[in-house]
Amino acid sequence: MIKTIQQLGFLFLLTLALGCGKDDETTSFESNAQIVGRDAALCACCGNWLIEIEGQTETLQFVALPPDADIELPPDSFPIDVKLNWDFDPNSPCRFVLIEEIERR
C-alpha cells in the first residue's frame, strides 16, 4: 500500500514537472515601423537602410538587421512593415539605430 502511494506520488511529480515546461516565448515589441529602402544620398552618414519608426519625426537609418531576423534585404519591394525593439546607436555620430529584434507585421 505504501509503495503504491509512493508510485502515485512519483507519477504526480513527474506529470507536474513535464507539464510545467517553458511555453514558447513570445517577444513583445515596442515599436511598429516601415523599412522604406536604401539611402542613396552621398554623404558621410548615408548609404544605409532607411526606416520610419512610429513616434519618430524623422526617417532614421540602420546598418544591419540582427542575425536571426527573418527579413532579407534587399527584398522584392519596399516598404516592409515590421515590428521591432530598437535603440539609438550610442557609438554613431549619425543617429543610426540599432535593431535588437525585428519581425514582419
Side-chain angles (χ1 to χ4, degrees):
M1 176 77 169
I2 293 178
K3 189 170 188 167
T4 304
I5 293 172
Q6 288 175 336
Q7 289 172 340
L8 286 174
F10 175 75
L11 286 174
F12 174 75
L13 290 175
L14 182 63
T15 303
L16 187 62
L18 292 175
C20 291
K22 223 177 187 181
D23 292 337
D24 288 339
E25 291 183 26
T26 55
T27 302
S28 145
F29 292 98
E30 63 192 35
S31 301
N32 290 321
Q34 281 190 330
I35 300 173
V36 294
R38 173 81 75 179
D39 181 6
L42 299 174
C43 68
C45 292
C46 302
N48 298 290
W49 299 103
L50 298 172
I51 189 164
E52 294 175 350
I53 300 173
E54 285 182 4
Q56 297 297 308
T57 57
E58 61 186 310
T59 300
L60 300 167
Q61 293 188 54
F62 67 95
V63 175
L65 295 173
D68 61 344
D70 64 348
I71 300 169
E72 288 286 327
L73 292 177
D76 293 335
S77 64
F78 288 106
I80 304 170
D81 292 323
V82 295
K83 48 190 177 181
L84 71 159
N85 293 328
W86 66 281
D87 204 349
F88 285 103
D89 184 346
N91 300 317
S92 172
C94 302
R95 288 190 44 113
F96 287 172
V97 297
L98 292 173
I99 298 175
E100 298 156 1
E101 298 175 280
I102 189 169
E103 71 180 42
R104 288 181 182 268
R105 275 193 285 150

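As a basis for the values below, the full set of heavy atoms in this structure was taken, side chains included, without hydrogen atoms, waters or symmetry mates.
The 12-atom threshold is not exceeded at CD of E72, counting heavy atoms of other residues, nucleotides or ligands nearer than 6.0 Å.
With rounding to the nearest 0.5 Å, the separation of CG in L65 from CD in E103 is 12.5 Å. In this structure, the separation between CZ on R95 and CD on E58 is 4.5 Å, given to the nearest 0.5 Å. Put simply, CG on L60 and CG on L50 are 9.0 Å apart, with the number rounded to the nearest 0.5 Å.
Cluster membership check: F29 does not share its hydrophobic cluster with I80, using side-chain heavy-atom separations under 4.5 Å among Ile, Leu, Val, Met, Phe, Trp and Tyr.
At least one donor-acceptor pair closer than 3.5 Å links the side chain of R105 to the backbone N or O of A33. Between the side chain of N85 and the main chain of E30, a donor-acceptor pair closer than 3.5 Å is present. In this structure, Q61 contributes its side chain and C45 its backbone to a donor-acceptor pair below 3.5 Å.
Within the 4.5 Å cutoff, the side chain of D81 has no heavy atoms near those of the N32 side chain. Side-chain contact between F62 and D89: absent, with no pair of heavy atoms (C-beta onward) separated by less than 4.5 Å. Residues F78 and I35 meet the side-chain proximity criterion, which asks for heavy atoms closer than 4.5 Å. Put simply, the side chain of E100 does not reach to within 4.5 Å of the side chain of W86, judged on heavy atoms. Put simply, the side chain of V36 does not reach to within 4.5 Å of the side chain of I51, judged on heavy atoms. Considering only heavy atoms from C-beta on, D39 stays 4.5 Å or farther from N48 through its side chain.
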Worksheet item: Could you walk me through whether I102 and V82 pass the side chain to side chain contact (heavy atoms under 4.5 Å, CB included) check?
Response: CA-CA 7 Å; I102 189 169; V82 295; 3.9 Å; yes

Item to complete: Could you please spell out the steps behind the side chain to side chain contact (heavy atoms under 4.5 Å, CB included) verdict for V63 and W49?
Response: CA-CA 6 Å; V63 175; W49 299 103; over 6 Å; no

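Ion pairing between K83 and E101 fails under the 4.0 Å rule for side-chain N and carboxylate O.
Closest heavy-atom contact between C46 and A41: CB-O, 3.1 Å.
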